[in-house]
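First up is the structure itself, then whatever we jot down about it.
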Amino acid sequence: MTTTRPEIIIQGSNDEDNWKEYVFKWKAGNLKDPPRFVEPHMPRVDWQMWFAALGNYKTDRWILHFMGRLLAGSPEVLQLIKVNPFPDTPPRFVRALLYEYHFTDDTTKKSMGEWWRRELKGEYTPVMSFKE
């Protein structure tokens, strides 16, 4: 196990200015979502995202293929996520950012409804798109 909680957040955009997050079923993402417990089941993609966050996309190249399938609007891949922010047509661009997640304190949880706070660590992947 780790002593920190790095999380990869995948986003899509049609203009590279306005980005929308893909929400996964089990991993931390939305700050207001409580932690999910699914013992003994280990959701494959969500768990692989955790391992990928411990390294980089050059060693975990599957994530590039996953993001390519998001660009293509693959129904098989989209069924693995909870919320597709592009339900009508796939985005033109995708990127992944790396955050470190921490639990909030009780005061923040009660006043803002947020279970998590996160700190941007940087870019995980560069912006990707299909050639036009």
Side-chain angles (χ1 to χ4, degrees):
M1 292 310 200
T2 61
T3 58
T4 62
R5 183 157 186 154
E7 290 288 348
I8 297 168
I9 301 297
I10 298 176
Q11 301 174 325
S13 175
N14 285 316
D15 59 12
E16 292 190 88
D17 287 324
N18 301 296
W19 293 91
K20 297 178 183 178
E21 291 184 14
Y22 285 89
V23 179
F24 287 76
K25 294 177 182 177
W26 301 104
K27 71 180 217 63
N30 184 323
L31 302 180
K32 293 187 177 189
D33 284 349
R36 304 279 190 242
F37 296 97
V38 291
E39 186 179 22
H41 175 62
M42 294 303 279
R44 182 125 179 110
V45 172
D46 299 66
W47 184 345
Q48 290 301 322
M49 294 283 288
W50 177 66
F51 281 109
L54 300 175
N56 63 60
Y57 74 90
K58 294 176 183 174
T59 57
D60 285 300
R61 299 191 60 81
W62 70 267
I63 198 164
L64 298 177
H65 298 285
F66 182 83
M67 292 170 66
R69 300 311 301 155
L70 292 175
L71 282 170
S74 167
E76 295 83 8
V77 169
L78 291 170
Q79 73 181 357
L80 299 172
I81 60 176
K82 182 178 178 181
V83 177
N84 173 11
F86 300 91
D88 300 322
T89 58
R92 293 180 54 219
F93 307 96
V94 291
R95 69 178 181 185
L97 302 175
L98 184 65
Y99 286 88
E100 188 171 308
Y101 274 63
H102 305 274
F103 282 114
T104 59
D105 56 30
D106 285 337
T107 304
T108 303
K109 195 181 322 172
K110 288 176 184 172
S111 67
M112 299 177 67
E114 294 180 347
W115 283 80
W116 307 100
R117 64 179 173 82
R118 66 184 184 184
E119 175 186 350
L120 179 62
K121 292 300 189 177
E123 181 181 82
Y124 183 81
T125 67
V127 174
M128 298 172 49
S129 69
F130 289 135
K131 285 188 175 183
E132 294 184 15

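As the structure is a computational prediction, the values presented were derived from the model and not from experiment.
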(message) If the threshold is 4.0 Å, N to carboxylate O, is there a salt bridge linking Lys121 and Glu119?
(response) yes
(request) With rounding to the nearest 0.5 Å, note down the distance linking CD1 in Ile81 to CZ in Phe66. (result) 6.0 Å
(request) Measure the CG-CG distance between Leu80 and Leu70 for me, rounded to the nearest 0.5 Å. (result) 9.5 Å
(message) If we ignore hydrogens and angles and just use 3.5 Å, is the side chain of Asp46 paired with the main-chain N or O of Trp26 as donor and acceptor?
(response) yes
(message) Is there a side-chain contact between Pro91 and Trp19 in this structure, where contact means two heavy atoms from C-beta onward sitting under 4.5 Å apart?
(response) no
(request) Ignoring hydrogens and angles, tell me if any N or O in the side chain of Ser13 forms a donor-acceptor pair with the backbone of Asn18 under 3.5 Å. (result) yes
(request) Output yes when a side-chain donor or acceptor of Arg92 lies under 3.5 Å from a complementary backbone atom of Asn14, and no otherwise. (result) yes
(request) May I ask you to say whether Glu7 pairs ionically with Lys27, meaning some side-chain N is under 4.0 Å from a carboxylate O? (result) yes
(request) Determine, using the 4.5 Å side-chain heavy-atom cutoff (strictly less than), whether Met128 and Ile8 are members of one ILVMFWY cluster. (result) yes
(request) State, with a plain yes or no, whether a side-chain heavy atom of Val83 is found less than 4.5 Å away from one of Tyr22. (result) no
(request) Measure the CG-CZ distance between Leu64 and Arg69 for me, rounded to the nearest 0.5 Å. (result) 14.0 Å
(message) Using 30° and 60° as the class boundaries, would you call the ring planes of Trp47 and Trp50 parallel, tilted or perpendicular?
(response) tilted
(request) Examine distances only and state if a side-chain atom of Trp116 and a backbone atom of Gly29 form a donor-acceptor pair shorter than 3.5 Å. (result) no
(message) Could you see if Leu120 belongs to whatever hydrophobic cluster contains Leu31? Use Ile, Leu, Val, Met, Phe, Trp, Tyr and a side-chain cutoff under 4.5 Å.
(response) yes
(message) For the OG1 atom of Thr104 and the CZ atom of Arg117, what is their distance to the nearest 0.5 Å?
(response) 8.5 Å
(message) Ignoring hydrogens, what is the shortest heavy-atom contact between Trp115 and Lys32? Give both atom names and the distance.
(response) CD1-O, 3.5 Å
(request) Give the minimum heavy-atom separation between Phe130 and Gly68, together with the two atoms involved. (result) CZ-O, 3.5 Å
(message) I need the Asp60 CG to His65 NE2 distance, nearest 0.5 Å.
(response) 11.5 Å
(request) Go through Asp33 and Lys82 one step at a time and tell me if the side chain to side chain contact (heavy atoms under 4.5 Å, CB included) criterion holds. (result) CA-CA 12 Å; Asp33 284 349; Lys82 182 178 178 181; 4.2 Å; yes
(message) I want to check something: taking the side chain as every heavy atom from C-beta on, are Leu78 and Phe86 in contact at a cut-off of under 4.5 Å?
(response) no
(request) Might you point out which heavy atoms bring Met49 and Ile10 nearest each other, and give the distance in Å? (result) CE-CD1, 3.8 Å
(request) Mind listing the closest non-hydrogen atom pair of Leu97 and Glu123 along with its distance? (result) CD2-CA, 4.1 Å
(message) Could you check whether any side-chain N or O of Tyr124 sits under 3.5 Å from a backbone N or O of Ile9, counting only pairs where one atom can act as donor and the other as acceptor?
(response) no
(request) Spell out, yes or no, whether Val23 and Phe93 are grouped together once hydrophobic residues are joined by side-chain heavy atoms under 4.5 Å, including indirect joins. (result) no
(request) Say whether Phe24 and Met67 are linked into one hydrophobic cluster, either directly or through other cluster members, by side-chain heavy-atom distances under 4.5 angstrom. (result) yes
